[in-house]
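First listed ligand is number 1; within each ligand, the first listed atom is number 1.
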Amino acid sequence: MAGKWAQTPSAVWNPSRRCLQMKASQFLISTLKEAPADAEVLSHQLMTRAGMIKKLGAGIYTYMPMGLRVIRKVEAIVREEMNRAGAIECVMPVIQPGELWTESGRFQTMGPELLRVRDRHERDFVVQPTSEEAVTDIARQDLRSYKQLPKNLYQIQTKFRDERRPRFGLMRGREFIMKDAYSFDRDEASAKLSYQKMAAAYRAIFDRFGLTYRAVAADSGAIGGDLSEEFQVIAATGEDAIVYSTGSDYAANMEKAEALAPAGARPAPGQPMTKTPTPGKSTCADVAELLALPLTRTVKSLVLATEELNDAGEVAKVQIWLLLLRGDHDMNEVKVGKVSGLDQGFRFASVPEIIDHFGTRPGYLGPIGLKKPVKIVADREVAAMADWVCGANEEDFHITGVNWGRDLPEPDLVADIRNVVAGDAAPDGRGQLAIERGIEIGHIFYLGTKYSRAMDATFLDDDGKPKPFEMGCYGIGITRLPAAAIEQNHDERGIIWPDAIAPFTVVICPVGMDRSEGVKAAAEGLYAELMQAGVDVILDDRGERPGAMFADWELIGVPHRVTIGDKGLKDGQLEYQHRRDTAATKVPAGEIAAFVKGRLAA
Ligand code: ATP
Ligand code: MG
């Protein structure tokens with residue numbers, strides 16, 4: 001078929017757009033009717049069916065030509081904005097020496113996500129999951145003076161993480177492409193400026209992708225401060241819960257979003273404390289139902305343990321903790337990990353430990369009548385409750401009408417240890433919290449001197465003294481982004497790409513081109529004209545029947561389509577249809593190129 005179409009080149013390098021236009025017969029289009037059985041989410045199903053990715057192993061995919069075009073466009077946008085923000089591109093090795101990772105401690109401390117391999121000399125190597133070590137090694141060699149700072153080095157490179165549950169195609173792969181950037185500064189103030197520069201660059205990048213997203217405050221772990229944000233593409237299927245205020249621009253992820261203490265003082269006790277039989281009712285929901293009380297009057301007990309080690313590294317002492325949460329609330333592990341005494345690590349208590357301290361099995365636990373001392377941490381909400389219900393530390397019994405101060409001492413600690421829920425007051429005092437789902441496609445983080453100190457990476461400051469670099473790190477999931485874009489933009493027929501990252505922006509679909517010289521000439525003419533204008537266009541010269549041809553392009557998700565047929569041409573008309581349009585628009589043949597270009601600019 002392609003031979004007949006030899007007047008115009010089938011693949012043309014267009015220097016002005018730095019892209020390759022294409023005739024479909026020369027390209028690899030491998031659409032599928034059925035999605036693979038293991039594809040749980042739509043983006044995975046659609047990327048596979050559209051021939052964009054092909055699975056080679058668990059969490060390991062080939063980027064097929066159609067998918068690679070999207071990835072390259074994502075990379076190009078990221079590269080342009082990173083360069084504009086003053087970052088400098090380099091590429092660090094995928095396989096990195098283990099010694100470097102021993103210096104930072106991550107060779108030992110990082111779990112099985114870090115893939116460790118040995119070479120023929122039995123030397124340890126790792127496959128990079130990120131590159132803090134490698135980039136800090138560059139800095140300590142090549143950035144010697146404060147005069148060379150600040151610097152921001154970035155790469156767009158393959159990563160490997162041996163994820164516990166690789167799934168959802170490119171969304172959570174084991175091998176994937178990340179843009180990772182690392183800033184080096186002289187002091188904290190300057191590092192924070194570098195961070196803000198990246199925050200602005202990320203907004204510019206995500207604006208260009210044409211997706212709905214939110215920048216949310218994230219937990220910055222032990223380093224402290226508020227200098228960590230995640231960039232979340234909003235999608236109902238997202239793995240992350242993101243929290244925002246309906247009354248302000250407050251937004252945070254679930255770990256970071258603060259639940260305030262309830263307004264107003266704790267009500268005075270109104271009921272006597274009463275032991276109540278609750279046979280077989282071991283959950284708060286069951287107890288509330290049995291006693292005809294709202295779930296919000298119940299309190300649930302979670303038992304944790306912390307261990308003190310002796311010099312030999314053996315467990316010398318175990319401390320048992322009782323965490324109290326309102327029956328309808330969920331514990332947040334990150335928040336619990338910040339409670340004084342639990343911040344060095346904790347585990348759930350074992351059943352024997354629980355029986356030893358409470359005298360009964362989980363299901364009927366509470367803070368009253370303990371057998372041995374237990375540290376009690378009440379969630380802010382629980383600390384403000386009166387007349388509540390908890391387990392009686394006796395199988396098949398609960399206690400109602402419990403009150404702090406009267407029936408038991410005030411808790412040892414009061415802390416925010418729960419997930420916020422929709423309707424909670426916003427922590428900034430403006431509006432209420434709402435929750436939606438998101439897909440994390442970027443993360444920026446102020447690191448401080450964590451890596452530079454561990455790896456002895458210093459520069460000479462203007463006082464002639466060596467100082468450790470202040471660092472920041474900034475990631476974007478290049479290959480996760482197309483999957484996130486699809487979760488947000490699809491319909492029952494397939495993908496709907498935003499123009500900026502579509503594999504092709506325009507597809508020309510000639511109907512009956514093998515029968516009609518007129519159709520062929522019009523298609524060739526438009527193809528040449530759009531190419532000339534730098535439009536990323538593909539001409540479907542495969543000779544498919546119209547139904548199959550349209551179905552392919554709707555599945556692949558090319559946003560703009562021009563259909564050329566004999567019938568329309570007789571009246572001098574072609575048809576234009578955006579992927580989101582429900583019907584085609586007739587456009588005079590002579591105006592079609594301008595019309596399409598107008599739609600692209602829109
Ligand atoms: P997640 O919580 O999703 O595991 P992360 O916190 O481990 O992400 P970072 O280490 O901050 O991620 O990596 C930077 C970016 O790389 C993430 O924002 C995400 O877009 C992307 N990314 C991380 N893990 C994967 C993966 N397994 N597959 C594809 N992209 C990933
Ligand atoms: Mg991860």
Chemist: Which residue owns the protein heavy atom closest to atom 11 (O) of ligand 1, what's the atom, and how far is it?
Modeler: His443 ND1, 3.3 Å

Chemist: Where is the nearest protein heavy atom to atom 28 (N) of ligand 1: which residue, which atom, and how far?
Modeler: Gly173 N, 3.1 Å

Chemist: Answer yes or no for Lys467 and Tyr146: cation-pi contact, defined as NZ/CZ to six-membered ring centre under 6.0 Å and angle to ring axis within 45°.
Modeler: no

Chemist: For Met171 and ligand 1, answer yes if some heavy atom of the residue is under 4.0 Å from a ligand atom, otherwise no.
Modeler: yes

Chemist: Regarding Arg480 and Glu440, does a basic nitrogen lie under 4.0 Å from an acidic carboxylate oxygen?
Modeler: no

Chemist: If you count heavy atoms of other groups shown closer than 6.0 angstrom to NZ of Lys151, is the number above 12?
Modeler: yes

Chemist: With heavy atoms under 4.0 Å as the rule, classify the contact between Thr479 and ligand 1 as side chain, backbone, both or neither.
Modeler: neither

Chemist: Tell me which one of Phe445, Phe176, Phe160 gets a heavy atom nearest to atom 22 (N) of ligand 1.
Modeler: Phe176

Chemist: Side-chain contact, heavy-atom cut-off 4.5 Å: Asn332 with Asn419?
Modeler: yes

Chemist: Measure the shortest side-chain to side-chain distance between Leu227 and Lys192 over non-hydrogen atoms and say whether it is less than 4.5 angstrom.
Modeler: yes

Chemist: If you measure from each heavy atom of Ile439 to ligand 1, is any distance below 4.0 Å?
Modeler: no

Chemist: Is the Tyr61 ring parallel, tilted or perpendicular to the His44 ring (thresholds 30°, 60°)?
Modeler: perpendicular

Chemist: Hey, looking at atom 23 (C) of ligand 1, which of Met178, Gln232, Arg161 has the closest heavy atom?
Modeler: Arg161

Chemist: Is there a side-chain contact between Arg579 and Trp497, using heavy atoms and a 4.5 Å cut-off?
Modeler: no

Chemist: In the protein, which heavy atom is nearest to atom 4 (O) of ligand 1, and how far is it?
Modeler: Arg172 NH1, 2.9 Å

Chemist: Among all the protein's non-hydrogen atoms, which is closest to atom 17 (C) of ligand 1, and how far away is it?
Modeler: Glu440 OE2, 3.3 Å

Chemist: List every atom of ligand 1 that sits less than 4.0 Å from any heavy atom of Ile441, numbering the atoms from 1 in the order shown and giving each element.
Modeler: 18 (O), 20 (O)

Chemist: Just wondering, more than 12 heavy atoms not from Gln141 lying within 6.0 Å of its CD?
Modeler: yes

Chemist: Tell me, yes or no, whether the heavy-atom count around Arg164 atom CZ, taken from other residues, nucleotides or ligands under 6.0 Å, exceeds 12.
Modeler: no

Chemist: Which atoms of ligand 1 have any heavy atom of Glu163 under 4.0 Å away?
Modeler: 24 (N), 26 (C), 27 (N)

Chemist: Go through ligand 1 atom by atom and flag the ones less than 4.0 Å from a non-hydrogen atom of Gly442.
Modeler: 18 (O)

Chemist: Among all protein heavy atoms, pick out the one at the shortest distance from atom 21 (C) of ligand 1; state its residue, atom name and that distance to 0.1 Å.
Modeler: Gly477 CA, 3.6 Å

